[in-house]
Amino acid sequence: MAVAMVVVACGGQAAVVSGHGGHSGTAVVQQPLRDGERFVTLKMAEAYTPKGPNGGTDDYRCFLIDPALGEGARFLTGAQFMPENLAIVHHAIFFRLSPEQAAEAKALDASTPGQGWTCFADAGVQEAGWVSHWAPGTNETLLDPKYGHPLPGGSQLVMQVHYNTLGGTGSDQSGIRLRVSDKALEPLGTALFPAQVELPCTAKESGPLCDRAAAVTDIGRRFGQESMATPDHLTQMCGAPAPGPTQHCDVPVEQPGHLHALAGHMHLLGRSIKVELNPGTPTAQTLLDVPNYDFDDQALRPLKSPVEVKAGDTIRVTCTHDASLRAQLPQLQN
């Protein structure tokens with residue numbers, strides 16, 4: 001399988017307090033359709049007003065979306081998320097569901113009060129396949145037209161939206177424009193390579209949350225109990241944490257493929273992010289290097305040419321953060 005996109009996330013989705021406001025939107029640029037492609041535009045069934053757990057300002061919510069593609073195989077060759085309320089939409093991820101998984105999602109939706117359901121780090125449905133994402137600065141990125149994400153007949157999508165209300169309020173009714181091909185294409189996949197964020201308080205900061213255990217408990221209070229497992233999960237994957245501004249995680253490649261594009265996802269304290277293949281070996285390559293990270297530019301970056309990876313190769317994600325930025329960001333000062 002060709003891996004279309006690798007998303008590297010420093011700290012997963014839980015380890016950094018997120019908050020931003022006023023980031024600019026990216027205009028939806030409609031690139032021409034290619035042979036066999038058509039657009040399918042969808043949006044949430046109704047507007048949703050986010051409400052974080054326990055009075056928190058972050059709400060991870062999943063919504064089931066039916067692309068109504070009918071029977072027969074289709075391929076997703078591009079996607080452009082269309083956020084309605086940019087003041088509160090932090091990022092979005094789209095997952096592909098088989099008909100069996102869609103039935104599970106429908107039951108989950110029906111059993112949850114209000115529209116959609118809470119979903120912290122994934123779609124809330126086992127083995128849902130990640131097919132697209134959006135963060136500020138992201139627009140539709142087209143790869144070689146011979147590749148696509150498989151959408152078998154009866155497939156549905158889950159749209160996970162991370163809302164943050166520090167930068168604004170109100171409801172949201174976002175949508176997505178899918179680029180669908182009826183041609184038989186080579187299948188694409190996505191992979192997520194995370195790294196730790198163990199960022200101590202600076203010498204000028206003090207308070208109860210400077211204690212790591214208290215900070216992890218606070219994550220659970222604000223994001224839900226399942227989020228508290230993220231720091232330990234990252235420790236198991238990356239090794240014992242070494243608190244400080246720069247950390248890295250070596251993630252083994254589990255299946256062979258070709259990398260076509262990468263995107264780095266950090267938060268407001270992020271300064272730089274780098275991704276390397278097989279570091280310290282004669283075949284080492286730098287796949288992504290963002291020395292001056294900008295939260296409002298998290299665009300997918302295609303590689304000049306596909307890079308082959310083999311099972312047993314190592315992907316190293318290196319993240320640098322600056323805790324002193326908390327004092328400069330009104331959303332994070334407290």
Rounded to the nearest 0.5 Å, how far apart are NZ of Lys310 and CD of Glu308? 5.0 Å
No-hydrogen, no-angle side-chain donor-acceptor test under 3.5 Å, His260 and Asp144: no
Using the six-membered ring wherever Trp is involved, compare the ring planes of Tyr48 and Phe63 and label them parallel, tilted or perpendicular (cut-offs 30° and 60°). perpendicular
Among the clusters formed by ILVMFWY side chains lying less than 4.5 Å apart, do Ile65 and Leu76 turn up in the same one? yes
Starting from Val251, can I reach Val290 by hopping between I/L/V/M/F/W/Y residues whose side chains sit under 4.5 Å apart? yes
Disulfide (SG to SG under 2.5 Å) contacts touching residues 255-326 (sequence neighbours left out): Cys10-Cys319
Provide the closest heavy-atom pair for Gly264 versus Leu288 in the form atom of the first, atom of the second, distance. N-CD2, 3.9 Å
Determine, stepwise, if the pair Leu151 / Arg96 fulfils side chain to side chain contact (heavy atoms under 4.5 Å, CB included). CA-CA 8 Å; Leu151 291 175; Arg96 176 189 59 213; 3.7 Å; yes
Mind running salt bridge (charged side-chain N to carboxylate O under 4.0 Å, His left out) on Asp218 and Arg221 for me, showing each step along the way? CA-CA 5 Å; Asp218 183 65; Arg221 180 186 65 81; 3.0 Å; yes
Hey, quick one: are Val180 and Leu157 part of the same hydrophobic cluster, counting side-chain heavy atoms closer than 4.5 Å, chains of contacts allowed? yes
Can you name the side chain to side chain contact (heavy atoms under 4.5 Å, CB included) partners of Thr283, sequence neighbours left out? Asn278, Thr281
Quickly, which of Thr286, Asp289, Leu262, Thr318 forms a side-chain contact (heavy atoms from CB on, under 4.5 Å) with Val275? Name it, please. Leu262
Separation between CE (Met82) and OG1 (Thr41), nearest 0.5 Å, reads 5.0 Å
Can you give me the closest heavy-atom contact between Trp117 and Gly124, atom names plus distance? NE1-CA, 4.2 Å
If you take the centroid of each ring, where Trp contributes its six-membered ring, are Phe295 and His90 closer together than 6.0 Å? yes
Give a yes or no on this: more than 12 heavy atoms of other residues, nucleotides or ligands lie within 6.0 Å of atom CD of Glu205. yes
What I want to find out is whether Arg177 reaches Glu140 closely enough, with some N-O distance under 4.0 Å, to be called a salt bridge. yes
Here the gap from Leu269 atom CG to Tyr293 atom OH, rounded to the nearest 0.5 Å, amounts to 11.0 Å
To the nearest 0.5 Å, tell me how far Glu104 CD sits from Leu97 CG. 8.5 Å
Residue pair Gly170 / Pro50: nearest heavy atoms and the distance that separates them: O-CD, 3.5 Å
Distance-only side-chain donor-acceptor flag, Tyr163 / Asp172, under 3.5 Å: yes
Indicate the atoms forming the closest heavy-atom contact of Thr190 with Trp130, along with that distance. OG1-O, 2.5 Å
CZ (Arg271) with more than 12 external heavy atoms under 6.0 Å: no
Which class fits the ring pair His91 and His265: parallel under 30°, tilted 30 to 60°, perpendicular over 60°? perpendicular
Ignoring hydrogens and geometry beyond distance, is a side-chain donor-acceptor pair present between Thr202 and Ser324 at under 3.5 Å? no
Identify whether Leu199 and Met228 are in the same connected component of the hydrophobic contact network (ILVMFWY, side-chain heavy atoms under 4.5 Å). no
So which heavy atom on Leu303 is nearest to which on Leu259, and how close? CD1-O, 3.4 Å
Identify whether Met237 and Val216 are in the same connected component of the hydrophobic contact network (ILVMFWY, side-chain heavy atoms under 4.5 Å). no
Nearest non-hydrogen partners of Pro67 and Leu178, listed with the distance: CB-CD1, 4.1 Å
Would you check if there is a donor-acceptor pair between the side chains of Glu37 and Thr77 at a distance under 3.5 Å? yes
Lys51 and Asp59 ion-paired at < 4.0 Å: no
Do Arg61 and Thr118 get their side chains close enough for a donor-acceptor pair, meaning under 3.5 Å? yes
